[in-house]
Asks: 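My structure is below; once you've seen it, I'll send some questions.
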Amino acid sequence: QVQLVESGGGLVQAGGSLRLSCAASGITSNIKYMGWYRQAPGNQRELVATITTSGITNYASSVQGRFTISRDNDKNTMYLQMNSLKPEDTAVYYCKVKMKWVGPTAGMDYWGKGTLVTVSS
């Protein structure tokens with residue numbers, strides 16, 4: 001079992017920056033990748049960025065060049081540095097962990113409760 005706790009959300013002006021954190025605890029030895037998703041009011045949840053334990057990253061086209069995902073494997077913590085924020089970035093941001101298809105947590109997905117990011121115009 002894995003528990004995820006997001007932090008760092010808040011209210012910022014357009015063009016500003018914000019840094020989100022996600023701390024994972026529990027059985028974390030077989031994490032395949034971690035990622036950030038977001039859900040804006042009235043919209044479906046969408047992928048923002050992912051990062052593997054080896055550091056391979058993937059970004060949604062809407063955030064490329066503005067957001068940076070990183071992780072500290074020793075702390076089992078993931079970060080999302082968000083720069084040049086736009087009002088359309090306003091959403092609840094969720095941390096997700098995908099487990100490798102081995103061991104007692106094989107193939108499992110785990111989600112945090114989310115943290116709200118609001119970007120004012």
Side-chain angles (χ1 to χ4, degrees):
Q1 190 176 21
V2 175
Q3 294 81 44
L4 303 173
V5 179
E6 304 100 332
S7 62
L11 174 64
V12 298
Q13 291 184 315
S17 298
L18 205 61
R19 183 179 175 87
L20 305 182
S21 299
C22 173
S25 61
I27 306 175
T28 60
S29 60
N30 286 314
I31 292 175
K32 184 176 182 179
Y33 67 82
M34 301 180 72
W36 289 99
Y37 289 69
R38 67 186 183 186
Q39 187 166 19
N43 292 348
Q44 297 182 12
R45 190 172 298 184
E46 64 179 359
L47 185 146
V48 177
T50 60
I51 185 167
T52 69
T53 54
S54 62
I56 300 173
T57 59
N58 183 52
Y59 296 92
S61 60
S62 59
V63 305
Q64 285 182 336
R66 299 189 297 120
F67 291 9
T68 302
I69 189 170
S70 61
R71 83 282 181 269
D72 184 334
N73 289 337
D74 291 336
K75 296 182 178 180
N76 291 313
T77 302
M78 176 181 64
Y79 307 93
L80 185 67
Q81 179 65 47
M82 303 183 292
N83 298 326
S84 301
L85 283 162
K86 305 174 181 179
E88 51 262 44
D89 294 318
T90 296
V92 176
Y93 284 71
Y94 297 91
C95 178
K96 176 189 175 179
V97 164
K98 177 70 174 183
M99 308 303 292
K100 297 176 181 178
W101 288 91
V102 295
T105 59
M108 295 295 294
D109 293 336
Y110 297 95
W111 293 88
K113 298 296 184 182
T115 184
L116 178 63
V117 172
T118 303
V119 184
S120 62
S121 60

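Heads up: numbering here begins at 1 and tracks the sequence.
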Asks: Using only atom types and a distance under 3.5 Å, with no angle test, would you say the side chain of T90 pairs donor to acceptor with the backbone of P87?
Replies: yes
Asks: Do the non-hydrogen side-chain atoms of W36 and C95 ever get within less than 4.5 Å of each other?
Replies: yes
Asks: Check whether more than 12 heavy atoms from other residues, nucleotides or ligands sit under 6.0 Å from atom NZ of K98, and answer yes or no.
Replies: yes
Asks: Quick one: do I51 and Y79 end up in the same hydrophobic cluster if we chain Ile, Leu, Val, Met, Phe, Trp and Tyr together by side-chain heavy atoms under 4.5 Å apart?
Replies: no
Asks: Under the side chain to side chain contact (heavy atoms under 4.5 Å, CB included) test against M78, which residue among T50, L20, I69 passes?
Replies: I69
Asks: K75 versus S21: any side-chain heavy-atom pair under 4.5 Å?
Replies: no
Asks: Kindly determine whether M108 and V2 satisfy side chain to side chain contact (heavy atoms under 4.5 Å, CB included), including the steps that lead there.
Replies: CA-CA 9 Å; M108 295 295 294; V2 175; over 6 Å; no
Asks: Please round to the nearest 0.5 Å and tell me the distance separating atom CG of N73 and atom CD1 of I31.
Replies: 8.0 Å
Asks: Is it the case that more than 12 heavy atoms not belonging to Q44 sit under 6.0 Å from its CD atom?
Replies: no
Asks: Can you measure from OG1 (T115) to CG (L80) and round to the nearest 0.5 angstrom?
Replies: 11.0 Å
Asks: Compare every heavy atom of R19 with every heavy atom of S70, then report the nearest pair and how far apart it is.
Replies: OG-NH2, 4.5 Å
Asks: Please report the C-alpha distance between W101 and N30 in whole Å, then the side-chain angles of each, then the deciding distance to 0.1 Å, and finally whether the side chain to side chain contact (heavy atoms under 4.5 Å, CB included) criterion is met.
Replies: CA-CA 8 Å; W101 288 91; N30 286 314; over 6 Å; no
Asks: Can you hop from Y59 to V119 via hydrophobic side chains spaced under 4.5 Å?
Replies: yes
Asks: Would you please classify the geometry between the Y93 ring and the F67 ring as parallel, tilted or perpendicular, with 30° and 60° separating the classes?
Replies: tilted
Asks: Which heavy atom of L4 sits nearest a heavy atom of A24, and at what distance?
Replies: CD2-CB, 3.5 Å
Asks: Show your reasoning for whether side chain to side chain contact (heavy atoms under 4.5 Å, CB included) applies to Y110 and Q3.
Replies: CA-CA 7 Å; Y110 297 95; Q3 294 81 44; over 6 Å; no
Asks: Would M99 end up clustered with Y37 when hydrophobic side chains under 4.5 Å apart are linked, directly or stepwise?
Replies: no
Asks: D89 and R38: side chain to side chain contact (heavy atoms under 4.5 Å, CB included), yes or no, with the steps?
Replies: CA-CA 9 Å; D89 294 318; R38 67 186 183 186; 3.0 Å; yes
Asks: If you take all heavy atoms of Y94 and G112, which pair is closest and at what distance?
Replies: CD2-O, 3.6 Å
Asks: Salt bridge check: are E6 and K113 linked by an N-O gap of less than 4.0 Å?
Replies: no
Asks: Return the minimal non-hydrogen interatomic distance between S17 and Q81, and the atom names on each side.
Replies: CB-NE2, 4.0 Å
Asks: What pair of heavy atoms forms the shortest contact from G55 to R71, and how long is it?
Replies: N-NH2, 3.4 Å
Asks: Is the CD atom of Q13 crowded by more than 12 outside heavy atoms at less than 6.0 Å?
Replies: no
Asks: Applying the 4.5 Å side-chain criterion to the ILVMFWY set and letting contacts propagate, would V5 and L116 be lumped into a single cluster?
Replies: no
Asks: Search all heavy atoms of M82 against all heavy atoms of V117 and return the closest pair with its distance.
Replies: CE-CG2, 3.9 Å
Asks: At what distance, to the nearest 0.5 angstrom, does CD1 of I27 lie from CD of Q1?
Replies: 7.5 Å
Asks: Which distance, rounded to the nearest 0.5 Å, do you find between the CE of M34 and the NZ of K96?
Replies: 12.0 Å
